[in-house]
Colleague: 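I'd like to ask some things about the structure below.
Values in this document were obtained by computation on a predicted structure and should not be read as measured data. Residue numbers begin at 1 in each chain, while the letters A, B, ... track the order of the sequences.
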2 protein chains.
Amino acid sequence: MSSTVTKALSLLEFFSEDEPELGLSDLARRSGMDKAAVHRMLGSMAESGLVEQQADSRLYRLGAGVLRLARVRETAFPVSAMMQPILLRLSTETGETAHASLISGRALANIATCESKKGSRVSLVAGEVLPYHSTASGLAALAYADDKLLDRVLSAPREARTRFTLTERDDILTRIEVVRANGFSESDQAHEEDVHGLAAPLFDRSGRACGAVSVSTPSHRMTAEQRQLSIAAVLRAAEDITAGLGGQRPRGYADQVAGLLASGPRD
Amino acid sequence: MSSTVTKALSLLEFFSEDEPELGLSDLARRSGMDKAAVHRMLGSMAESGLVEQQADSRLYRLGAGVLRLARVRETAFPVSAMMQPILLRLSTETGETAHASLISGRALANIATCESKKGSRVSLVAGEVLPYHSTASGLAALAYADDKLLDRVLSAPREARTRFTLTERDDILTRIEVVRANGFSESDQAHEEDVHGLAAPLFDRSGRACGAVSVSTPSHRMTAEQRQLSIAAVLRAAEDITAGLGGQRPRGYADQVAGLLASGPRD
DNA sequence: CCCTGTGGTGTTATATTATCAACACTGGTG
DNA sequence: CACCAGTGTTGATAATATAACACCACAGGG
């Protein structure tokens, strides 16, 4: 819970596409930890190459070590590479931005994206950490993941990203039930203003959710027709990615989804 | 030095392309740490998504978090993508396997590779951690890096990979002098049997080495002609990658290298 | 049925870590 | 020019998380 390792690694969350370099005091302020402690932690992580310090500006950034680790994992389990063409197809079919995320500890890690070609599109921050409660992807994963994950999420503080974000425990639980009844999750402007999300769960070998694939559409552009089309496309993408992961959908889920698609406007 | 964070992160070094999944006892044995300690560390790193535990086999592997971190870094500082075409050219020009590495804490992290098309070629493990003292890349980086790095390497234990590996302090220092005199480094079978390495340093904005680019040739195939050709190609690749990094070669180095190429058989 | 291996879990002495303070340095401002 | 607010860094001590040890439950061979 409050181990030094966890605290040190939590510092990595603050590095993003928008702020790839951060100073010591800045990191200490955001993490709420002491400057000296943060300094030692960054020093330790720099020894391992997870972060590196710019010699002149003294700013810290993610190090070459993360590239190496990603290469090792991607060589052994090529998930990003496998997802990319499926996301491309999903984005082309729907005309919108698609992305896939995997359960990564306490949060959902955005692993691969394919942006829409349209001028007006949902653009998302590469490698963003997605909360479970405020995103369609998060709810899709949560609904089919291990129950312990749901407990952990419900017992942790939840940030209200917009006025539509579900933060109450009971609201989230009923929403989870809706997701289970549908086989996919839907979320309008709960994470970002004017963004509508449709997501379907990804499964691992054990039949538990290990992530989610999602389509993000500008809210004003989400018509009933577009919605049906997107649901079908997302479910198919999820099926293909799950297969690519060597995963297995739980009993009943495949039939539920198949019935959903048959009854829809797409034949 | 012996902080818990460093010890925990050192566990990540044991995951490789060949052994992407490791058990708890195995990791404890290799790291020389207590099982209970390793268990807690892995738990902490799992919370952050750096590692994940297979539900059925209970084995640990690198987690989705490393993919996310790599994406964040690569989006902000696209080095791998920039290196790839240059490595392709280097590999094509020499007909051998090329790779680039960056200084990553106490070791050199292999970031990008391009394997030779020949049936008999040097094949290297993706994302391998390269020691400074036993590889051409390591010696090239060491010769032009911050002096503190050289001190740290010289004061740490050095493994003898082959019977040609330099482990003695004085031998390494004289070799470093040779590298500085040449502007590139050469190493025959010091890291791997039957592998000849030629490497040139990469520089950052401050003019200090931040990595190296290298060509690995089967020793028996390294003729005087091939050697001249490879030296020129590696130096040119290093120049281009340094430029792509926004780096600056130190005073004198550019002239030294230019003179080297002019006097060589390639006009 | 032992025996050896595995992953995992307690408990206490110990050693690391958090905290606070002060330091040197920088850049901007009155 | 001195001041101020900011930075990164380094010591000291007090508090606490950690390491070590033993132990447990389980799985697979011999």
Side-chain angles (χ1 to χ4, degrees), chain A residues 1-15 19-48 50-63 105-106 146-149 151-152 204-206 208, chain B residues 1-12 14-15 19-48 50-63 105 146-149 151-152 204-206 208:
Chain A
M1 188 68 121
S2 65
S3 74
T4 351
V5 179
T6 305
K7 279 183 278 189
L9 295 180
S10 73
L11 294 172
L12 300 176
E13 309 264 324
F14 296 105
F15 295 93
E19 297 180 293
E21 294 183 315
L22 295 169
L24 172 61
S25 299
D26 205 358
L27 281 167
R29 222 177 300 109
R30 298 195 198 202
S31 64
M33 297 188 288
D34 191 85
K35 247 196 322 185
V38 173
H39 184 250
R40 275 184 309 99
M41 289 170 183
L42 287 170
S44 299
M45 291 196 285
E47 277 190 68
S48 313
L50 234 53
V51 301
E52 56 193 27
Q53 188 177 26
Q54 206 75 337
D56 45 357
S57 67
R58 323 239 85 175
L59 294 177
Y60 293 87
R61 65 178 184 187
L62 295 176
R106 269 194 303 255
D146 196 278
D147 285 337
K148 280 182 289 192
L149 182 62
D151 291 341
R152 282 220 304 268
D204 60 17
R205 274 200 299 279
S206 67
R208 275 188 290 270
Chain B
M1 190 67 121
S2 65
S3 76
T4 4
V5 178
T6 305
K7 279 183 275 188
L9 295 179
S10 74
L11 293 172
L12 300 176
F14 296 106
F15 295 93
E19 297 180 294
E21 294 182 315
L22 295 169
L24 172 61
S25 298
D26 206 357
L27 282 167
R29 219 177 303 109
R30 299 195 196 201
S31 64
M33 295 190 286
D34 192 84
K35 250 198 315 187
V38 173
H39 184 250
R40 274 185 308 98
M41 290 170 182
L42 287 170
S44 300
M45 290 195 285
E47 277 190 70
S48 313
L50 234 55
V51 301
E52 59 194 22
Q53 188 177 26
Q54 204 75 338
D56 44 356
S57 67
R58 325 237 85 176
L59 294 178
Y60 294 88
R61 64 178 186 188
L62 295 176
D146 195 277
D147 285 337
K148 280 183 288 192
L149 182 63
D151 291 340
R152 281 221 305 269
D204 61 17
R205 274 200 297 278
S206 67
R208 274 188 290 268

Colleague: What's the shortest heavy-atom distance between A/G105 and A/R152, and which atoms?
Modeller: O-NH2, 4.0 Å
Colleague: Mind checking what makes side chain to side chain contact (heavy atoms under 4.5 Å, CB included) contact with B/D147, not counting sequence neighbours?
Modeller: B/R180
Colleague: Report the distance from atom CE of A/M33 to atom C1' of C/dC20, rounded to the nearest whole Å.
Modeller: 17 Å
Colleague: Report the residues that fulfil salt bridge (charged side-chain N to carboxylate O under 4.0 Å, His left out) with A/E52, sequence neighbours left out, ordered by chain and then residue number.
Modeller: A/R61, B/R73
Colleague: Checking B/Q54 now: which residues fulfil side chain to side chain donor-acceptor pair (under 3.5 Å) with it, not counting sequence neighbours?
Modeller: none
Colleague: Starting from C1' on C/dG10, measure out to CZ on B/R40 and report it in whole angstrom.
Modeller: 12 Å
Colleague: How about CZ on A/R205, more than 12 heavy atoms from neighbouring residues, nucleotides or ligands closer than 6.0 Å, or not?
Modeller: no
Colleague: What are the atom names and distances for every N/O pair under 3.5 Å that joins the protein to nucleotides 11-16 of chain C?
Modeller:
none

Colleague: Only counting residues at least two apart or in another chain, list the ones meeting side chain to side chain contact (heavy atoms under 4.5 Å, CB included) with A/A46.
Modeller: A/V51
Colleague: Does anyone know the first and last nucleotide of DNA chain D in reach of chain A, 5' to 3', at under 4.0 angstrom to a heavy atom?
Modeller: D/dT7 to D/dT18
Colleague: Which protein N or O atoms sit under 3.5 Å from an N or O of nucleotides 4-7 of chain C?
Modeller:
unit_1 : atom_1 : unit_2 : atom_2 : d
C/dT6  : OP1    : B/R29  : NH2    : 2.3
C/dG7  : OP1    : B/L24  : N      : 2.7
C/dG7  : OP2    : B/S25  : N      : 2.4
C/dG7  : OP2    : B/S25  : OG     : 2.3
C/dG7  : N7     : B/K35  : NZ     : 3.1

Colleague: By salt bridge (charged side-chain N to carboxylate O under 4.0 Å, His left out), which residues pair with A/R30, not counting sequence neighbours?
Modeller: A/E19, A/D26
Colleague: Restricting to side chain to side chain donor-acceptor pair (under 3.5 Å), what partner residues turn up for A/E21, sequence neighbours left out?
Modeller: none
Colleague: For A/T4, enumerate each residue passing the side chain to side chain contact (heavy atoms under 4.5 Å, CB included) test, keeping only those at least two apart in sequence or located in another chain.
Modeller: A/M41, B/T4
Colleague: Just jot down the side chain to side chain contact (heavy atoms under 4.5 Å, CB included) partners of A/R40, sequence neighbours excluded, or say none.
Modeller: A/A37
Colleague: Between B/G32 and A/D34, just flag the one whose closest nucleotide in DNA chain D comes earlier from the 5' side.
Modeller: A/D34
